[in-house]
Number of protein chains: 2
Amino acid sequence: MRTSKVTIEDIAGRAGVSKATVSRVLNRPTTVTEVKREAVKVAMNEMGFKPNQFARSLANGHSNTIGIVTQNIGTSFYDSIARSIIQSLRQTQYAPIFSDGMYEHDAENAAINTLLDRQVDAVIVLGGDLTPDEIHGGEDAVPMVMVARQIEGWNGVCIGVDNVAMGYNATKHLIDAGHVQIAHVTGNPSHEDAVNREKGYRKALAEANIPIDEDLIFPGNFYGQAGVLAVESWLMRGKSFSAVFAANDLSAFGVRLALSRRNIRVPDEVSIVGIDDKIESALMPPPLTTIRQPADAMGEAAVKAVTTILSGKKTESVLMQGELIVRESVSRRH
Amino acid sequence: MRTSKVTIEDIAGRAGVSKATVSRVLNRPTTVTEVKREAVKVAMNEMGFKPNQFARSLANGHSNTIGIVTQNIGTSFYDSIARSIIQSLRQTQYAPIFSDGMYEHDAENAAINTLLDRQVDAVIVLGGDLTPDEIHGGEDAVPMVMVARQIEGWNGVCIGVDNVAMGYNATKHLIDAGHVQIAHVTGNPSHEDAVNREKGYRKALAEANIPIDEDLIFPGNFYGQAGVLAVESWLMRGKSFSAVFAANDLSAFGVRLALSRRNIRVPDEVSIVGIDDKIESALMPPPLTTIRQPADAMGEAAVKAVTTILSGKKTESVLMQGELIVRESVSRRH
DNA sequence: TGCTTGCTTGAAAGCGGTTTCACGTGTAAG
DNA sequence: CTTACACGTGAAACCGCTTTCAAGCAAGCA
């Protein structure tokens, strides 16, 4: 019988104690003598008692729910993080409740308010573009942690990933393979991650004393089509390049497709590296060399951060590192 | 000020009415005279009133929350449906709360119980493998709708997709292009969707009077690796084929990779069709012909079904159809 | 004019827990 | 042998909203 109409009062009667005592074994068992505690537990089992969460929350002010603001973007990166959060949360007393930011400023605010209305104990925001001020508005209601985003000017905790380093390492990998004419398809220029990856790209080039050809930097948007446009554009303008660093794997796929349309061989004529390590990346012909984003670890870290904050302790922001996955889309330059 | 400590009583005082009246304008505005209703509304705005959901739920028994059981499987299909559900739910009074079934039987039951403990008003189950009996156990607590799954022997509502038709149409497309030796990489044989897709494959072949070569049917698992194994296995055994129908796009990617490793051209020498229409499918060299699963529509349908049930009306199960997306991975057989 | 009917409204009783507070008890300290 | 103190416990207040119930009142009807 799931329709648990068994209340704390029933248990109290059955166990021969008061409601207060039953409540105590529920919340602070050690304050009740062994014998009564056992009696209560037995009664609970026998009657199949399930505490009513609403009554509980109403009385103590905690919902044991944490809100997640997702972004309705087609990238698997956020999905992976979300999944990881769901998983990690299973080990805790908290349940996740979702609200979608749709990658729009207003929608994101609305999403947070929805969650706040539902009295979540904390909120985790995946990406998005809230300003510190706006965040702060919500923050004094409940603790917030930002994932996949670092925000200067606010001292809350962020679980970020080092995009500059990823851009740097991807490019460095190409340089180490002897490439000099390295093109870059950027992500959405209005997206912080994109500019950081490009920053890493420039840094690696500068460090290797390779002059930067601005014409080889194509402003993309993280979508596949950007990759094909980039290649067409370079080819059309007669730019030559032996390698391309795409801001994400999806763009890299686009690059690869465009090259294949022109019968340009990968990696023999042009090498490619992306960022993300999507499942499909290992299946591209040839399998794509890329940088794996630690989505799972980030989800776990976010949950950990939230739970420690909720338990009254302090936590630090963390900046995670991507991992270079070497496959077959890069060859030494001949 | 978000820490809304403004209660219904404060509003009542401000508006010069009783708590009961305030509650009425909240729930059944028409039963209150225009003038008082306005006074209450004004008071609410001035004081920034946000009703306490717990108190509400405790009093009326509804949580305005609907539980979603997800499956922690790597496929984007479920993710898309989930996202679509989140989106659709935004238009309603309900908020989604998630619990992961991890594609394991016990975990799935646990997930449902978690949701039930939290007094969800209904639950939507994505895929999974619950039996009708188990479902029924939960079902008499709250309404349930199953998505991406048809279950014989239970009369609840299912939002399914016609897997037999998808398998049939994919195969038919190949047959129509003149192919006869059509191989098939199946999905996980223990997965109902997989067997239905294969059923469609067999049906199309039978209908065209093409004898079925069991050796050309490779038992896969929906993962990419299965596709490469399938090709290796066929080639090793000297089987010849001019086309392959992969149970999903991921497998198709594997097939494509393996072929490319053997320098077998797609689609010139071998044609491929998959199922899913992932974002990456359009970017494969060559872009993959596939069958698009109506994930968004299914999510919407699920939400619609749930809300109508919750509003006391009846709904029917629906069986959706996939859509053939013709791209460049299939050529006429010469 | 008298009585019924229907509508609006407030008081109060829940919903099912948690928590304060005061009241024994048993034990340690004076 | 008191006085004190900690501890376990139950009664009752409370969390904030919904809903029943009965009362008040205006309109409808004979």
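Please read these numbers as outputs of a predicted model, since none were measured by experiment. Chain identifiers are assigned alphabetically (A, B, ...) following the order of the sequence lines, protein sequences preceding nucleic acid strands; residue numbering begins at 1 within each chain.
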Terminal axes of the helix from C:dT1-D:dA30 to C:dT27-D:dA4 (5 end pairs apiece), angle rounded to 10 degrees, sit apart by 40°
Give a yes or no answer on whether the side chain of [X] reaches the backbone of [Y] with a donor-acceptor pair at less than 3.5 Å.
{"X": "A:Ser23", "Y": "A:Lys19", "answer": "no"}
{"X": "B:Arg37", "Y": "B:Pro29", "answer": "yes"}
{"X": "B:Ser57", "Y": "B:His62", "answer": "yes"}
{"X": "A:Gln71", "Y": "A:Leu126", "answer": "yes"}

Just checking, is any N or O donor in the side chain of A:Thr308 or A:Thr315 under 3.5 Å from an acceptor N or O on the other one? yes
So, B:Arg118 and A:Thr65: side-chain donor and acceptor under 3.5 Å apart, yes or no? yes
Round to a whole Å and report the spacing from [atom1] of [X] to [atom2] of [N].
{"X": "B:Glu9", "N": "C:dA11", "atom1": "CD", "atom2": "P", "answer": "10 Å"}
{"X": "B:Leu26", "N": "D:dG16", "atom1": "CG", "atom2": "P", "answer": "15 Å"}
{"X": "B:Ile8", "N": "D:dC15", "atom1": "CD1", "atom2": "P", "answer": "14 Å"}
{"X": "A:Asn52", "N": "D:dC17", "atom1": "CG", "atom2": "C1'", "answer": "14 Å"}
{"X": "B:Asp117", "N": "C:dG16", "atom1": "CG", "atom2": "C1'", "answer": "15 Å"}
{"X": "B:Glu34", "N": "C:dT9", "atom1": "CD", "atom2": "C1'", "answer": "17 Å"}

Whether each nucleotide of nucleotides 8-13 of chain D has a protein heavy atom under 4.0 Å at its base (B), only at its sugar-phosphate (S) or at neither (-) is summarised, 5' to 3', as SBBB--
Test log, rule side-chain contact (heavy atoms from CB on, under 4.5 Å), inputs A:Val40 and A:Arg24: CA-CA 10 Å; A:Val40 169; A:Arg24 286 188 190 102; over 6 Å; no
In sequence, state the C-alpha distance, the side-chain angles, and the governing distance for B:Cys158 and B:Arg149, and then conclude on side-chain contact (heavy atoms from CB on, under 4.5 Å). CA-CA 6 Å; B:Cys158 298; B:Arg149 181 129 186 258; over 6 Å; no
Using a cut-off of 4.0 Å on non-hydrogen atoms, how would the nucleic acid contact of A:Arg37 be classed: base, sugar-phosphate, or nothing? nothing
Of all of residues 53-62 of chain A, which get a heavy atom below 4.0 angstrom from DNA chain D, listed by number? A:Leu58, A:Ala59
Do other residues, nucleotides or ligands put more than 12 heavy atoms under 6.0 Å from the CD atom of A:Glu9? no
Is it the case that over 12 heavy atoms from other parts of the model lie below 6.0 angstrom from the CD atom of A:Glu46? yes
For C:dG16, does OP1 or OP2 lie under 4.0 Å from any side-chain N or O of A:Lys5? yes
State plainly whether the residues A:Lys5 and A:Asp10 are in salt-bridge range, i.e. N to O under 4.0 Å. no
